[in-house]
Each structure stands twice: as structure tokens, then as C-alpha cells.
Amino acid sequence: MAADPSFIKRYFDDDVVAVAKRLIGAQFLVDGIGGTIVETEAYTQDEPASHSFRGPTPRNRPMFNAPGTVYVYRIYGMHWCVNFVCHPGSAVLIRALVPTEGIEEMIGRRGLSDLRKLCAGPGRLTQALGIDLSHNDRPLSDTPFSLIPASVEGPVFAGPRIGITKAVDLPWRFGLPDSRYLSKPFTKNGPSED
DNA sequence: GGGGAGATTATCT
DNA sequence: GATAATCTCCCCG
């Protein structure tokens with residue numbers, strides 16, 4: 001079930017850090033398959049870890065399109081990662097989900113039945129949800145996507161982002177610290193301020 | 001359960 | 001030619 005375009009615009013036409021926190025607890029589905037987001041990261045045009053840092057290129061073009069645009073890219077030559085665009089040049093990387101819908105399908109795609117590892121990581125969850133370049137630069141408000149906002153916004157932890165070598169001190173990784181479905185645990189940093 | 005190597009390719013220097 | 005918003009497997013203990 002696709003989301004209302006005006007809802008998607010309201011939800012994503014905002015500061016990327018605010019949206020990255022807001023997405024924790026939301027449900028993300030592709031063709032009805034997916035689960036509850038428990039881990040995200042924010043990327044802005046202002047910092048060198050972001051693909052958009054040096055301005056638009058053919059790859060990062062979607063990051064400069066409308067809020068709620070899906071940005072998919074290949075990483076390390078073999079995995080896909082999925083992002084949701086916010087203000088121009090900024091996007092939220094979706095890093096981990098609790099698998100809830102279409103679990104059998106996801107197990108088939110991943111070739112593994114350990115629920116904890118099904119969607120615990122940006123490359124893992126794209127494989128589980130069947131996301132690839134065909135989904136790039138398409139609106140989250142359209143099929144096959146579905147985004148249901150978090151009903152209750154609980155305490156969200158913050159910490160350093162993972163797998164980057166630049167701007168490593170920005171605490172722009174967000175998530176539920178007690179979730180068993182994270183790509184990595186949250187340790188040092190406490191709850192993020194609002 | 002933790003560390004290290006290898007996989008594999010688009011993108012940018 | 002090096003790097004990259006990663007994952008899995010294998011080895012060690």
C-alpha cells in the first residue's frame with residue numbers, strides 16, 4: 001500500500017538528522033515485504049563522508065531530487081544500500097530492520113534463516129527486501145514502497161557512523177539500543193537530544 | 001565471539 | 001589505480 005505523496009513530502013522535507021531519528025520505529029516495506037526500522041544514519045552535503053559532498057554527479061543525482069526520493073547505490077562492488085532523500089543533498093541511510101512481513105520470502109533471498117541477521121546491515125536488508133538499482137531515484141510515495149510512521153517515538157540512541165573514514169566524529173548514527181536486530185550495538189553514546 | 005582476508009565493481013583521482 | 005556508507009567465511013581460542 002503506497003503512502004500519500006503529501007505525507008511523504010511533509011515527513012522528508014526537513015533536516016536530515018531529525019528525519020533519521022523520526023524513521024526509527026517506522027515500518028518500511030517493498031512489495032509488502034520488510035519490517036520496522038531500528039537503525040539509520042544521516043548524511044548531509046556539508047561533510048566529506050557524504051556522497052553529495054562534492055556536488056551532483058551521475059551517481060548521487062537522486063540526493064538532489066525531491067524529499068522522499070529513494071537513492072540506491074552499490075557499495076564494495078557487491079552490495080546495495082538504500083537511502084531516503086531529505087533536504088537537497090542530504091539523505092538517510094537505512095541500516096537495519098526488524099523483519100516482520102514476508103519473512104519466508106526474505107529467508108529465501110538471503111539464503112539464511114537467522115532472523116537476527118536477516119536485515120541487520122545496509123547490504124543485508126536490501127538483499128532481503130529485493131532492493132536494487134531498479135528502485136533508484138523513485139519516490140517513496142509510489143509502489144512498490146510502503147512507509148508507515150512510528151506510532152510511538154521511543155528513546156533513540158546516537159553514535160558514530162559505521163564504515164566511514166571521514167567526518168568520523170559526527171554522532172549521526174541513530175537507533176534503538178536494545179534491539180537485537182542492529183548491524184552493531186550502540187555502546188558509548190547516550191540518547192540523542194531533541 | 002572476535003579478528004582478518006577476500007570478494008568484486010562503480011566511481012572518482 | 002585506489003577507494004568504498006559491506007558481508008561472509010575461516011581460523012583461532
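Protein chains get the first letters and strands the later ones, always in sequence-line order, with residue 1 at the start of each. Keep in mind that the numbers below use all heavy atoms, side chains included, and drop hydrogens, waters and symmetry copies.
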Original post:
Where do A:Tyr11 and A:Leu140 land on the side chain to side chain contact (heavy atoms under 4.5 Å, CB included) test, with the steps shown first?
Top reply: CA-CA 11 Å; A:Tyr11 196 98; A:Leu140 203 43; over 6 Å; no

Original post:
Does A:Arg110 place a side-chain N or O at less than 4.0 Å from the phosphate oxygens OP1/OP2 of C:dC7?
Top reply: no

Original post:
Should the pair A:Glu47-A:Lys166 be classified as a salt bridge under the 4.0 Å nitrogen-to-oxygen rule?
Top reply: no

Subject >> C:dA5 - base-pair partner by Watson-Crick or wobble geometry, distances under 3.5 Å >> reply: none

Original post:
Can you say whether the rings of A:Phe145 and A:Phe28 are parallel (under 30°), tilted (30 to 60°) or perpendicular (over 60°)?
Top reply: parallel

**OP:** Report which part of the nucleic acid A:Leu93 touches: base, sugar-phosphate, or nothing (heavy-atom distance under 4.0 Å, all strands).
**Re:** base

Subject >> Verdict with supporting geometry, A:Arg110 and A:Gln127, side chain to side chain donor-acceptor pair (under 3.5 Å) >> reply: CA-CA 6 Å; A:Arg110 295 271 295 120; A:Gln127 184 181 30; 2.7 Å; yes

Original post:
Between A:Arg124 and A:Gly77, which has a closest nucleotide on DNA chain C that is more 5'?
Top reply: A:Gly77

Original post:
Does A:Arg74 make a side-chain N or O approach to OP1 or OP2 of C:dA5 shorter than 4.0 Å?
Top reply: no

Original post:
Is the distance from OP1 or OP2 of B:dT11 to the nearest side-chain N or O of A:Thr57 less than 4.0 Å?
Top reply: no

**OP:** Check every strand shown and say whether A:Arg59 touches a base, only sugar-phosphate, or nothing at a heavy-atom separation below 4.0 Å.
**Re:** sugar-phosphate

**OP:** Please evaluate the base of C:dA5 for a donor-acceptor partner in the side chain of A:Tyr73 within a cut-off of under 3.5 Å?
**Re:** yes

**OP:** Could you tell me which nucleotide pairs with B:dT13 by Watson-Crick or G-U wobble geometry, both distances under 3.5 Å, or answer none if nothing does?
**Re:** none

Subject >> Closest-nucleotide 5' rank along DNA chain C - winner of A:Lys117 and A:Gly163 >> reply: A:Gly163

